[in-house]
Amino acid sequence: MRVSRLMLVTLRDVPADAEIASHQLLLRGGFIRRVGSGIYAYLPLMWRVLQRINAIVREEMNAVGALETLLPQLQPAELWQRSGRWQGYTAGEGIMFHLDDRQGRQLGLGPTHEEVITALAGELLRSYRQLPVTLYQIQSKFRDEIRPRFGLMRGREFIMKDAYSFHADASDLQACYGAMDGAYRRIFDRCGLQTVAVEADSGAIGGAASQEFMVTAEAGEDLILMNESGSYAANLEKAVSIAPDAIPLPEGDSRSINTPGQHTIEALCSAQQLEPSQVVKVLALIARMDSGSERPVLACLRGDQELNEVKLINALTAALGEGVLDLGAVTAEQLERQGLQPWPFGALGPDLEDSRLVGARTWAPTFLRFADPTALALDRFVCGANTPDQHRWGWRWRDCQVPPQAVDLRNARAGDRCQSDPEQTLVARRGIEVGHIFQLGQKYSLAMDASFTNADGGQEALWMGCYGIGVSRLAQAAVEQHHDDAGICWPLAIAPFQVIVVVANLQDATQRSLGEDLYARLMDQGVDALLDDRQERAGVKFKDADLIGIPWRIVVGRAAADGQVELVERATRQADVLPGDAALERVLAAIAAA
RNA sequence: CGGGAUGUAGCGCAGCUUGGUAGCGCACUUCGUUCGGGACGAAGGGGCCGCAGGUUCGAAUCCUGUCAUCCCGACCA
């Protein structure tokens with residue numbers, strides 16, 4: 001390809017609406033253009049990158065026996081109603097774009113494809129003899145994100161590879177999950193990405209085990225915790241740890257203490273000369289469940305620890321057998337709306353009485369009470385007295401009339417000891433989630449009534465797994481991980497072109513013909529090569545070549561008179577002057593070795 | 001949705017306080033000189049000042065509304 005024909009439009013200035021390096025560089029290099037919030041056009045250079053990633057994904061998916069398909073993006077609401085997700089995905093905070101057709105039928109634009117694929121599998125897979133089957137597709141997904149961000153990192157339309165596997169039993173599902181884990185590691189490795197596989201919350205998608213693949217980068221939206229050896233890594237949502245030891249409360253009789261205006265742990269501790277770990281804090285929350293019921297929740301934590309909302313949501317789901325739509329702190333305004341008297345926020349105790357809820361308009365009349373084990377492990381502690389500006393010093397759990405249920409509710413933190421290997425401490429890293437694999441089990445097949453005849457002749461719901469890769473996000477994550485102050489340094493495997501031949505001075509016939517010759521020979525060898533044949537000064541071409549990140553550059557300049565060229569490796573900036581033939585050989589060898 | 005910010009040429013910005021009909025750099029076109037790290041000179045082209053109302057003799061500028069985009073939180077590949 002000749003650069004003069006490439007519609008290459010690079011920008012010198014950084015676009016004002018791009019925050020992170022990868023987003024800026026993709027815009028400046030002429031890879032993408034914003035069309036709307038979270039909506040991007042992939043320009044020819046970008047499309048080449050995406051196609052290369054897709055090719056690697058296809059090879060690895062095919063290698064584990066997955067079959068490529070293409071499912072509709074326009075999906076009837078009826079399918080989503082069958083799985084029970086239509087409401088949650090379209091109402092309120094729901095992320096599914098949806099519309100009515102001319103007949104008034106409701107349709108959704110696919111944010112994911114469990115419904116479609118499970119319905120199909122239910123029709124097509126009739127016998128255990130057909131199993132296992134894995135299907136995958138690469139296509140655009142649509143999600144009405146609450147906040148699109150950072151270019152391709154969180155778009156409302158983005159390219160995803162999604163795969164779904166169907167099995168006759170749980171152990172076969174586990175085997176497939178393991179194979180996908182391997183395939184994913186190979187995919188990211190081949191794309192030149194450094195990733196960490198982390199334990200993840202299975203969240204709204206549901207199911208048993210789940211693992212995320214994170215590209216480690218400062219710009220990442222996720223926080224992950226891992227130990228130094230890498231034997232443990234988890235998303236903050238899921239991470240567990242051994243909390244630091246609490247500092248015991250000094251000897252003394254239990255008593256009430258006046259704590260005027262001391263509504264926060266910090267204020268309380270500094271005024272009363274306490275350590276946060278000597279205090280039990282009680283958070284009052286209200287959970288709105290899938291069924292519409294509103295459940296008041298009391299969550300007790302040691303004063304130095306933070307609530308992990310995902311863990312609490314999971315505890316609620318387990319306790320009530322339904323999903324949580326929304327979870328938030330109880331506010332004074334909400335109490336007023338419920339027709340309740342004010343609560344002594346800042347001085348709540350674990351034994352806050354259910355009578356506080358009597359007469360509530362829409363809330364359930366009793367608290368769901370949970371406490372983190374680190375709080376329950378305290379022998380004597382300080383907590384609110386359920387009276388404004390009053391706390392209790394030296395209180396014990398046995399004093400609590402309504403004991404809470406023990407559930408892990410706290411965020412693990414950097415510096416905590418690792419639970420699986422207490423010798424090691426956890427460190428925090430930021431990550432970009434580029435892949436996620438789930439063992440769904442029978443959640444969707446039961447809901448969608450997708451069953452097969454098992455070896456015993458009985459009907460059984462299909463066992464399912466699902467496996468996603470954010471292809472367009474992965475491409476940008478690669479830039480985030482591979483760039484310098486001059487521009488992008490694409491890993492060879494996913495670079496839009498592998499080599500660029502820069503003719504320094506097009507007026508010079510010798511340079512021009514040597515450049516053309518090298519370019520033609522590269523093309524003959526099947527190398528994706530660019531020839532910068534623009535009537536520009538050499539400096540402009542060098543800047544652009546650096547910016548768009550072509551891994552190898554062959555500069556045909558003054559030394560062309562002696563048949564010499566300069567070979568530059570983009571990532572390392574290492575440059576060598578050598579004869580054209582030798583440069584060609586080196587590049588071909590490097591490409592072959594990769 | 002809550003909080004913050006910004007909308008002026010393809011990109012980056014100034015002008016707004018104190019109203020008088022729009023400017024700078026880059027990019028683009030033409031000519032000349034230059035030609036290995038975003039050249040120089042000369043001459044050009046390009047703007048419903050986000051949109052709609054209002055105030056005023058007169059609005060990019062003041063007022064009201066509205067829309068869009070970006071950043072911080074809940075969502076996720």
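Letters go in sequence order (proteins before strands), and every chain restarts at 1.
Between the side chains of A:Gln137 and A:Thr69, no donor-acceptor pair of N or O atoms lies under 3.5 Å. Under the 3.5 Å distance criterion, with hydrogens and angles disregarded, no donor-acceptor pair is assigned to the side chains of A:Thr264 and A:Glu266. For the residue pair A:Ser210/A:His436, the side-chain donor-acceptor check at 3.5 Å is satisfied.
Contacts of A:Asp508 with the nucleic acid, taken as non-hydrogen atoms under 4.0 Å apart, are absent. Across all strands shown, A:Val540 has heavy atoms under 4.0 Å from base atoms, whether or not it also approaches the sugar-phosphate. Residue contacts shown for A:Glu309 are absent, as no nucleic acid heavy atom lies under 4.0 Å away. Among the heavy atoms of the strands lying under 4.0 Å from A:Phe150 are primed sugar atoms or P, OP1, OP2 only; no base atom is included. Among the heavy atoms of the strands lying under 4.0 Å from A:Val555 is at least one base atom, whether or not backbone atoms are also near. At the heavy-atom level, A:Arg156 lies nowhere under 4.0 Å from the strands shown.
Summarising the base pairing, B:rC62 is matched to B:rG54 through a Watson-Crick or G-U wobble pair whose two defining distances lie under 3.5 Å. Across all strands shown, nothing is found opposite B:rG46 as a Watson-Crick or G-U wobble partner with both distances under 3.5 Å. As the counterpart of B:rG7, B:rC67 is assigned, both hydrogen-bonding distances of the Watson-Crick or G-U wobble pattern falling under 3.5 Å.
Between the side chain of A:Arg28 and the base of B:rG38, at least one donor-acceptor pair of N or O atoms lies under 3.5 Å. One can find a donor-acceptor pair under 3.5 Å joining the base of B:rC76 and the side-chain atoms of A:Arg473. No donor-acceptor contact under 3.5 Å links the side chain of A:Arg143 to the base of B:rC76. Judged by atom type and distance alone, A:Glu566 reaches the base of B:rG36 through a side-chain donor-acceptor pair under 3.5 Å.
Ring-to-base geometry places A:Phe158 in a stacked arrangement with B:rA77 (centre distance under 5.5 Å, plane angle under 30°).
Formation of a donor-acceptor pair under 3.5 Å by the A:Arg570 side chain with backbone atoms of A:Ile488 is found in this model.
Atom C1' of B:rU29 sits at a distance of 48 Å from the matching atom of B:rC75, rounded to the whole Å.
Classified by interplanar angle (parallel below 30°, tilted 30° to 60°, perpendicular above 60°), the ring pair A:Trp47/A:Tyr42 is parallel.
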